[in-house]
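The first residue of the sequence shown is numbered 1, and numbering continues consecutively from there.
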Amino acid sequence: MTTEEYRTNLLQLIYPVLVKKGAKNMTMDSVAKSLSISKRTLYEIFGSKEQLICEALSLIHVNYRKRLLYLTRDAENMMEHMVIVLRIHQEAMREFGIDFFKDMDESYSQLRPYFEKNVKRSMEDMMQVFNTGIEQGVFRPNINYRIIIRLFMIQMESLKRMEENFPPDVTLLEAYETVSTALLRSIATPEGLRILEEIGRSHKLDAISCHDITTF
């Protein structure tokens, strides 16, 4: 195994801990112990905790994009493509613990711009999808999709932050699905709505998820 492969394997193991516990609770001591290596070795590989976190976030974003490309490769149109994208995004957001976002606000605010950089790349990918969907006649023209996308991203993160305050009869997944469906219906043309309803009736995409996304 090369040094780069070893580094990547470590990051694959570190990422789930980061998103669940948050940066503050993920100490270098606990990471080294979980990886069965010394803390000194961990620092020799990554230099600092901040560098480790940045590399973990970068790697998961790369893997996330690869999985999107794989799962959307056979989409018949951009409406179907977007249903897959939003479903994977919902699943990905569910993996994050609330402490991850709290730490980005409080203890590790300097890392927030790095996180936002990856969000911006996702927005650019979605813009391409919407532009193609307009050409296909499934998404309405004359809509500011850049604002739509940004507000959707903020809403997904906000829902995660509010999860602990949800009433017992509302789950995070239900909230995500409701917001995602409302988004697609609000920007769909009549043809887009027909396709969206057909997808719902056929349950064609029910098996789509992003489980094990970090090892894709």
Side-chain donor or acceptor of T189 paired with backbone N/O of G192 under 3.5 Å: yes

Under 3.5 Å donor-acceptor, S58 side chain and C54 backbone: no

Distance (rounded to the nearest 0.5 Å) between [X] [atom1] and [Y] [atom2]:
{"X": "I148", "Y": "S186", "atom1": "CD1", "atom2": "OG", "answer": "5.5 Å"}
{"X": "I199", "Y": "E76", "atom1": "CD1", "atom2": "CD", "answer": "8.5 Å"}
{"X": "M26", "Y": "S34", "atom1": "CE", "atom2": "OG", "answer": "9.0 Å"}
{"X": "L42", "Y": "F46", "atom1": "CG", "atom2": "CZ", "answer": "6.5 Å"}
{"X": "Y64", "Y": "H89", "atom1": "OH", "atom2": "NE2", "answer": "5.5 Å"}
{"X": "Y43", "Y": "L52", "atom1": "OH", "atom2": "CG", "answer": "9.5 Å"}

Any heavy-atom pair between the side chains of [Y] and [X] that's under 4.5 Å?
{"X": "Y70", "Y": "R73", "answer": "yes"}
{"X": "L183", "Y": "Q155", "answer": "no"}
{"X": "K102", "Y": "D99", "answer": "yes"}
{"X": "D125", "Y": "V129", "answer": "no"}
{"X": "I88", "Y": "L68", "answer": "yes"}
{"X": "T171", "Y": "E174", "answer": "yes"}
{"X": "N63", "Y": "Q12", "answer": "yes"}
{"X": "M126", "Y": "H81", "answer": "no"}

Checking [X] now: which residues fulfil salt bridge (Lys or Arg N to Asp or Glu O under 4.0 Å) with it, not counting sequence neighbours?
{"X": "D169", "value": "none"}
{"X": "K39", "value": "D29"}
{"X": "E163", "value": "K160"}

Only counting residues at least two apart or in another chain, list the ones meeting side-chain contact (heavy atoms from CB on, under 4.5 Å) with [X].
{"X": "L13", "result": "L35"}
{"X": "Q51", "result": "S48, E55"}
{"X": "T181", "result": "R185"}
{"X": "R161", "result": "I98, F101, D105, R112, E157"}

[X] with [Y], same ILVMFWY side-chain cluster at under 4.5 Å:
{"X": "I143", "Y": "M82", "answer": "yes"}
{"X": "I37", "Y": "M28", "answer": "yes"}
{"X": "I154", "Y": "I187", "answer": "no"}
{"X": "V62", "Y": "L18", "answer": "no"}
{"X": "V179", "Y": "L173", "answer": "no"}

Members sharing L151's hydrophobic cluster (side chains within less than 4.5 Å): I147

Side chain to side chain contact (heavy atoms under 4.5 Å, CB included) between Y176 and L86, intermediate numbers included: CA-CA 9 Å; Y176 281 160; L86 294 181; over 6 Å; no

side-chain hydrogen bond (donor to acceptor under 3.5 Å, both in side chains) contacts in which one or both residues fall within residues 19-28, not counting sequence neighbours: T27-S30

Side chain to side chain donor-acceptor pair (under 3.5 Å) partners of R40, counting only residues at least two apart: E44

Residues in side chain to side chain donor-acceptor pair (under 3.5 Å) contact with R140, at least two apart in sequence or another chain: none

M79/L193 under side chain to side chain contact (heavy atoms under 4.5 Å, CB included): CA gap, chis, key distance, verdict: CA-CA 9 Å; M79 177 60 80; L193 284 174; over 6 Å; no

Over 12 foreign heavy atoms within 6.0 Å of CZ, R146: no

side-chain hydrogen bond (donor to acceptor under 3.5 Å, both in side chains) partner of R194, the single match among E198, E197, E191: E191

Of all pairs that satisfy ring-ring contact (aromatic ring centres under 6.0 Å, His included), the ones with a partner from residues 116-138, not counting sequence neighbours: F130-F139, F130-Y145

Atom of F166, atom of A175 and distance for their closest heavy-atom approach: CE2-CB, 4.1 Å

Residues R7 and E4 bridged, charged N to O under 4.0 Å: no

